[in-house]
Q: 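My structure is below; once you've seen it, I'll send some questions.
A note on names: the letters A, B, ... follow the listed sequences, proteins ahead of strands, and every chain is numbered from 1.
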Amino acid sequence: MLLTDLLHQRPEVTAPRILGARLSFGGVTVRLTELEAYAADDPGSHAFRGKTNRNRVMFGPPGHLYVYFTYGMHHCANLVCHPEGEPGGILLRAGEVVDGIELARERRGSARDVDLARGPARLASALGIDLGMNGTDAFELDLAPVGEWSQIEVATGPRVGLRLAPDQPWRFWVAGDPTVSQYRPAKKLRANG
DNA sequence: TCCGTGATTACCT
DNA sequence: GGTAATCACGGAT
């Protein structure tokens with residue numbers, strides 16, 4: 001399926017389909033291993049209460065990055081993804097650095113390689129993403145080859161750290177991958193494509 | 001387990 | 001207008 005078509009689906013549909021995709025930005029490429037979906041009718045979504053200056057990118061065209069700043073020190077990045085007329089996005093929670101690893105190490109200090117992009121704020125940091133990149137589409141996203149994707153075992157479970165809507169199982173990750181963040185209460189979604 | 005750190009929001013006046 | 005609680009986290013302890 002074409003990437004542009006995928007980005008016009010609901011985020012919880014698209015998120016498991018872009019696991020294993022390669023995202024390149026700021027001189028670093030990561031293979032995405034963990035994602036969370038934030039849909040329009042979703043109390044956990046930043047966009048749930050309507051458009052504000054912070055979340056306006058989620059209401060714009062799919063395929064841009066929605067970047068926000070949280071806990072006074074961290075940036076997190078979402079891939080905007082939604083059907084026409086609805087806000088939505090996919091939080092990039094973790095990845096494996098597959099290119100530009102030296103640059104990622106510089107940005108991340110003394111972290112072990114497996115921790116370079118393990119966690120949403122770590123991933124954003126490894127890619128050099130901050131608020132200045134909010135709304136950008138200056139990145140590349142290459143879907144995993146079909147054969148490679150069919151080898152991935154997708155697991156699903158509740159999202160992390162939400163007060164609202166904690167029960168929607170809209171967190172998706174590559175089962176067994178060491179670059180997935182620590183919190184993993186899980187059930188298996190499927191094996192192979 | 002604890003806590004830094006600041007934008008954003010919810011709820012007042 | 002003001003103010004307090006919250007927050008899609010990470011690193012040190």
Q: B/dT1 pairs with which nucleotide, Watson-Crick or G-U wobble, both distances below 3.5 Å?
A: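 C/dA12 - that is the nucleotide pairing with B/dT1, both distances being under 3.5 Å.
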
Q: Between A/Leu143 and A/Ala21, what is the shortest heavy-atom contact and its length?
A: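 Closest heavy-atom pair between A/Leu143 and A/Ala21: CA-CB, 4.0 Å.
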
Q: Donor-acceptor pair, distance only, cut-off 3.5 Å: does the side chain of A/Thr136 make one with the backbone of A/Met133?
A: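 The answer is no, because no donor-acceptor pair under 3.5 Å joins these two groups.
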
Q: Give the rounded distance in Å between these two atoms: CG of A/Asp130 and C1' of B/dG6.
A: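 My rounded result for the distance is 15 Å.
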
Q: Scan nucleotides 6-13 of chain C nucleotide by nucleotide, 5' to 3', and note B when protein non-hydrogen atoms come under 4.0 Å of the base, S if they reach only the sugar-phosphate, - if neither.
A: SBBBSS--

Q: Shortest non-hydrogen contact from A/Thr70 to A/Cys76?
A: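 Smallest interatomic distance, heavy atoms only, reads CG2-SG, 4.4 Å.
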
Q: Calculate, to the nearest 0.5 Å, the distance between atoms CD1 and CH2 belonging to A/Ile18 and A/Trp149 respectively.
A: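 Those atoms lie 11.5 Å apart.
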
Q: Could you tell me how far apart A/Arg49 (CZ) and B/dT8 (C1') are, to the nearest whole angstrom?
A: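 In whole Å, B/dT8 C1' and A/Arg49 CZ are 11 Å from each other.
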
Q: Calculate the interatomic distance between A/Phe69 atom CZ and B/dG4 atom P; express it in whole Å.
A: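 Result: 15 Å.
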
Q: Rounded at 0.5 Å granularity, tell me how far CD in A/Glu96 sits from CZ in A/Arg118.
A: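 Rounded to the nearest 0.5 Å, the CD-CZ separation comes out at 13.0 Å.
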
Q: Run the ring-centre check on A/Tyr68 versus A/His75 and record whether the distance is less than 6.0 Å.
A: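 For A/Tyr68 and A/His75, the ring centres are not under 6.0 Å apart.
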
